[in-house]
**Q** 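Starting off with a structure, shown below.
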Protein chains: 2
Amino acid sequence: MGAHQQLVRENDTIDDVFVVQSGWTCIYKLLPDGGRQVLAFPLPGDIVGISFLTLGRALIALESISEAEVSPLSAAALARVRANHPRVARALDWSHARDVAILTEHLVNLGRRSALVRTGHFIIECAERLRLLGFDTDGGFDLPLNQYLLADALGLTSIHLNRVLRQLREADLATFRAGKFVIHDIKALRELAGFDGAYLAPPPRMP
Amino acid sequence: MGAHQQLVRENDTIDDVFVVQSGWTCIYKLLPDGGRQVLAFPLPGDIVGISFLTLGRALIALESISEAEVSPLSAAALARVRANHPRVARALDWSHARDVAILTEHLVNLGRRSALVRTGHFIIECAERLRLLGFDTDGGFDLPLNQYLLADALGLTSIHLNRVLRQLREADLATFRAGKFVIHDIKALRELAGFDGAYLAPPPRMP
DNA sequence: CGAAAAATTGACCAAACTCAAGGGTGGTGG
DNA sequence: CCACCACCCTTGAGTTTGGTCAATTTTTCG
């Protein structure tokens with residue numbers, strides 16, 4: 001599927017979850033005044049919409065932001081796999097718990113961190129998530145977003161985000177250009193962000 | 001149990017969930033700089049910590065803020081009740097999905113709403129949640145918090161929250177005093193907040 | 001090449017924070 | 001009964017952070 005395809009709209013009735021197989025996606029909510037808050041960027045392996053099966057309808061929208069593969073999975077199929085494969089069921093539970101942990105950290109980010117620290121935290125989180133997926137993020141990583149989308153995730157205007165990115169660049173911490181983050185000094189960036197990756201850690205013992 | 005009792009600290013290892021039976025509680029995260037972000041105020045009937053069973057340890061802290069009853073429930077007991085009572089299992093799923101929806105709305109609140117609108121939204125949400133629990137919130141409701149805690153929930157300083165509360169009072173929308181909100185004009189407040197309560201709605205058909 | 005999208009910048013403004021000082025209020029012990 | 005203390009609330013003055021408006025430049029892509 002191409003970039004910028006809408007897979008779920010707010011208030012859609014839902015019978016499937018969506019399994020991201022490759023590429024970048026985002027989930028968001030719109031506001032009456034036209035604003036948008038990006039809630040998360042589900043990555044390959046992530047499952048979107050588990051809770052909306054229970055609620056009966058989507059409270060958020062889902063969109064691809066790069067070329068992406070996203071597979072719908074019916075509630076019935078999900079229930080079957082859960083029933084027949086306890087280890088998979090546990091993995092699903094863990095995945096969902098981690099999603100909530102990421103959402104929670106995002107909330108903290110918006111509520112209690114300055115634009116600069118918040119942006120730094122976001123960068124480290126992305127790098128860490130990609131690293132756990134097996135990507136090498138030492139020097140940086142692809143993040144195929146424009147600054148509008150990034151700003152909507154970070155609760156900033158795109159203009160202010162632009163200035164924050166310049167600060168990061170001028171402090172030789174990280175550079176964002178053409179959909180790529182280059183990290184110059186990950187140690188300093190982690191320190192700036194006060195990053196504690198415990199919420200991303202895989203479970204103690206999992207298949 | 002009395003007010004201001006800590007039930008779970010961040011990073012505690014966890015074998016139980018906590019069922020709030022009566023009173024007000026809050027869950028929060030602390031920041032390296034001493035700041036605090038309150039994530040939610042679980043009310044009677046809410047269950048705290050389901051996802052931490054899966055993760056093995058708590059990523060948040062839980063505290064009572066008023067006189068409250070909170071019952072621990074072991075993972076084993078929870079699994080048993082799930083297995084034996086499908087309707088209860090469904091209710092638990094729904095409750096958890098709703099918690100995530102509330103968290104999500106809180107995130108939107110912090111990311112994209114002004115202090116005034118955000119505070120208004122919070123008030124309406126509380127009133128609505130209490131109403132769904134059977135309380136009469138037409139004129140207002142008890143909210144046994146101090147302004148520090150409320151500010152930490154809303155991502156504001158207590159000083160600024162105080163000014164926002166004054167604005168609400170002077171606009172004849174709502175008054176907060178001595179742990180009570182009095183709502184003067186709920187219609188106008190809803191409008192101010194752009195409140196859409198869909199995320200709180202009970203499921204289409206539930207026991 | 002040329003149009004559209006995205007990024008960047010400047011000047012100015014508004015929202016929210018900081019610092020500092022008072023005021024209430026309820027509880028406790030003298 | 002009152003003085004005192006702890007905790008919370010309130011307000012003012014000044015600063016900082018982030019937002020708004022309005023260009024201009026750069027990049028992307030057909």
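Below, chain A is the first sequence line, B the second, and so on; all start at residue 1. All heavy atoms count here, side chains included; hydrogens, waters and symmetry mates do not.
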**Q** Ignoring the backbone of B:R163, work out which of D:dT10, D:dC9, D:dA13 is nearest its side chain.
**A**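 Of D:dT10, D:dC9, D:dA13, D:dA13 is nearest to the side chain of B:R163.
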
**Q** CD of B:E191: more than 12 outside heavy atoms within 6.0 angstrom?
**A** no

**Q** Across the strands shown, which category fits A:G179 at heavy-atom distances under 4.0 angstrom: base, sugar-phosphate, nothing?
**A** nothing

**Q** The side chain of A:A178 lies closest to which of these nucleotides: D:dG12, C:dT9, D:dT28?
**A**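 My answer, after comparing the listed nucleotides, is D:dT28.
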
**Q** Take atom CD of A:Q167 and atom C1' of D:dT17, then tell me their distance rounded to the nearest Å.
**A** 10 Å

**Q** Applying a 4.0 Å non-hydrogen cut-off, can you work out what A:S114 is touching in the nucleic acid: base, sugar-phosphate, or nothing?
**A** sugar-phosphate

**Q** Return the nearest nucleotide to the side chain of A:N146; candidates are C:dT8, D:dG19, C:dA7.
**A**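 So the nucleotide nearest the side chain must be C:dA7.
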
**Q** Mark yes when over 12 heavy atoms from residues, nucleotides or ligands other than A:R9 sit less than 6.0 Å from its CZ; otherwise mark no.
**A** no

**Q** In whole angstrom, give the distance that lies between atom CZ of A:R113 and atom C1' of D:dT17.
**A**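 After rounding, the gap between these two atoms is 18 Å.
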
**Q** Between A:F122 and A:F41, is the ring centroid distance below 6.0 Å?
**A** yes

**Q** Provide, to the nearest angstrom, the distance between the CG atom belonging to B:D33 and the C1' atom belonging to C:dT18.
**A**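 So the two atoms are 14 Å apart, to the nearest Å.
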
**Q** For B:D152 and D:dC8, give me the distance from atom CG to atom P, rounded to whole Å.
**A** 12 Å

**Q** B:R166 or B:H4: which one's nearest nucleotide on DNA chain D is closer to the 5' end?
**A** B:H4

**Q** Check whether any side-chain heavy atom of A:I14 sits under 4.5 Å from a side-chain heavy atom of A:L53, and report yes or no.
**A**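 Side-chain contact under 4.5 Å: yes.
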
**Q** Looking at A:T157, I'd like to know whether one of its side-chain N or O atoms comes within less than 4.0 Å of OP1 or OP2 on D:dG18.
**A**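 False: A:T157 side-chain N/O out of range (4.0 Å or more) of D:dG18 OP1/OP2.
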
**Q** Using modelled atom types and a 3.5 Å cut-off, is there a donor and acceptor pairing between side-chain atoms of B:S95 and backbone atoms of B:A91?
**A** no

**Q** Return the value, rounded to whole Å, for the distance between atom CZ of B:R112 and atom C1' of D:dG18.
**A** 12 Å

**Q** Can you tell me how far C1' of C:dA15 sits from CG of B:L154, to the nearest Å?
**A**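 That distance rounds to 15 Å.
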
**Q** As a test of reading the structure: which of D:dT11, D:dC21, D:dC8 is closest to the side chain of A:I159, going by heavy atoms?
**A**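 Per side-chain heavy atoms of A:I159, the pick is D:dC21.
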
**Q** To the nearest Å, how far apart are A:L156 CG and C:dA15 P?
**A**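 Rounding to the nearest Å, CG of A:L156 and P of C:dA15 are 17 Å apart.
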
**Q** When you measure from the side-chain N and O atoms of B:R177 to the phosphate of D:dC9, is any distance below 4.0 Å, counting only OP1 and OP2?
**A**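 For D:dC9, neither OP1 nor OP2 has a side-chain N or O of B:R177 closer than 4.0 Å.
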
**Q** Please determine if a side-chain N or O atom of B:Q147 lies less than 4.0 Å away from the OP1 or OP2 oxygen of D:dT10.
**A** yes

**Q** Whole angstrom is fine here: how far is it from NE2 in B:H160 over to P in D:dT10?
**A**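 The distance from NE2 of B:H160 to P of D:dT10 comes to 15 Å, rounded to the nearest Å.
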
**Q** Go through C:dT8, C:dA6, D:dG19 for me and flag the one nearest to the A:N162 side chain.
**A**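 Shortest atom-to-atom distance from the side chain points to C:dT8.
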
